[in-house]
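First comes the structure, then the notes that go with it.
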Number of protein chains: 2
Amino acid sequence: MYIVTMQNSELYQIVWMSRPLMQAAEAAVEQGLADTDLTVRMRAVLEVLHAEGDMTVPDIAARLDIKRQYVQVMVNETLTSGLTRQCPNPRHKRSPLLALTDTGRALIAQVIEREMALLQTIGADLPSDDISTALRVVRMLTERLREESAGT
Amino acid sequence: MYIVTMQNSELYQIVWMSRPLMQAAEAAVEQGLADTDLTVRMRAVLEVLHAEGDMTVPDIAARLDIKRQYVQVMVNETLTSGLTRQCPNPRHKRSPLLALTDTGRALIAQVIEREMALLQTIGADLPSDDISTALRVVRMLTERLREESAGT
DNA sequence: GCCATATTGACAAGTATAATGTCAACATGA
DNA sequence: TCATGTTGACATTATACTTGTCAATATGGC
């Protein structure tokens, strides 16, 4: 009983760390973008395209779990900045595929590389097993909390 | 080098899970409050008082890392609902100590108990060592990301 | 005890990040 | 072909805060 309670409260603490972690991460990302012309939301678009290849606006919205109308705004900013461009979409004539331009690809690659380097510094003394475990716990927690809100 | 990259990318994934985790947690909390008259922000005030005892508004603000002007609004709602009350503050004549009323204490205790029960269900098959490890990693990550944004 | 300075509560306004509503122009698919 | 769905665009609304300001008063150094 005692142990269950302890374990339970640790799970509770992980959940309540999610906001501080997110805020710290966003602050760090923002700082990393300071010397570029990117905003955090433009960065999000570029990252998705970088990780998953060309996509339509509704696809990016689904991936980011943000309504397509707002993603459209985000995407339009990247188009205006010349970081993405529209390509004809064989599967959908009205919904062009968004693709990174060379500039966009170089920029997001550099940004991500810097972020990775920062994380490497930060995590240098963390055992890699611990990191794997933490990721697994966080994923499972998220998934099950989602099920709880949705399914039930 | 390969392993470092893998480890690094797992850290990256933990960071990028923080938002989904937070959203899932908030949705679950909101659902847990559905049959009470509490809002998420009122719940936050009650939880702090429940965990740390009587405090002033500026103290709660510091604890939640939210500006005192907004916390004042949150607190005023709990006062109006009769879940908290003001007590004379020996250390500060103008800034009363906020205290839970009996109603407030019973309510937040019940809410937290239910949340704990949910987490116990969710985490039932997670080894308690893994949970401890995850908490430790998440804490360290948050702390160091904060240092990075602030100190540097 | 006095007084410069800080703190508090209250209120107003502004901002960022979205969600929601609506519409016309098409595209799709039965 | 045509009913239905999807997309981009634009407008409005919502939420969760931050920022600015002010008067009242409290505090702390002298």
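In this text the structure is predicted, and so the values were computed from the model without any measurement.
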**Message:** Can you confirm whether A:Met17 sits close enough to A:Ile14 that some side-chain heavy atom of one is under 4.5 Å from a side-chain heavy atom of the other?
**Reply:** no
**Prompt:** Taking CD from B:Glu30 and P from D:dT15, how many angstroms apart are they, rounded to a whole number?
**Reply:** 10 Å
**Request:** Indicate whether OP1 or OP2 belonging to D:dA9 is found under 4.0 Å from a side-chain N or O atom of A:Asn76.
**Result:** yes
**B:Gln23 and A:Arg146 side chains, donor-acceptor separation under 3.5 Å** = no
**Fill in**
Scoring nucleotides 15-30 of chain C by protein non-hydrogen atoms under 4.0 Å (B base, S sugar-phosphate only, - none) yields --SBSBBB--BSSS--
**Fill in**
A:Asp59 CG to D:dT6 C1', in whole Å, measures 12 Å
**Prompt:** How close or far is atom P of C:dA10 from atom CD of B:Glu77, stated in whole angstroms?
**Reply:** 13 Å
**Complete:** Closest non-hydrogen contact found for B:Ala28 with B:Leu118 is CB-CD2, 4.5 Å
**Message:** Rounding to an integer number of Å, can you tell me how far A:Ile60 CD1 sits from D:dT7 C1'?
**Reply:** 14 Å
**Asked** Between C:dA12 atom C1' and B:Gln72 atom CD, what is the distance in whole Å?
**Response** 15 Å
**Message:** Distance alone, cut at 3.5 Å: any donor-acceptor contact between the side chains of B:Asp59 and B:Thr56?
**Reply:** yes
**Asked** Is B:Ser95 near enough to D:dA26 that one of its side-chain N or O atoms lies under 4.0 angstrom from OP1 or OP2?
**Response** no
**Message:** Using a strict threshold of under 4.0 Å (side-chain N to carboxylate O), is an ion pair present between B:Arg139 and B:Glu143?
**Reply:** no
**Message:** Run A:Gln13 and B:Val138 through side chain to side chain contact (heavy atoms under 4.5 Å, CB included) and show every step you take.
**Reply:** CA-CA 10 Å; A:Gln13 290 176 61; B:Val138 162; over 6 Å; no
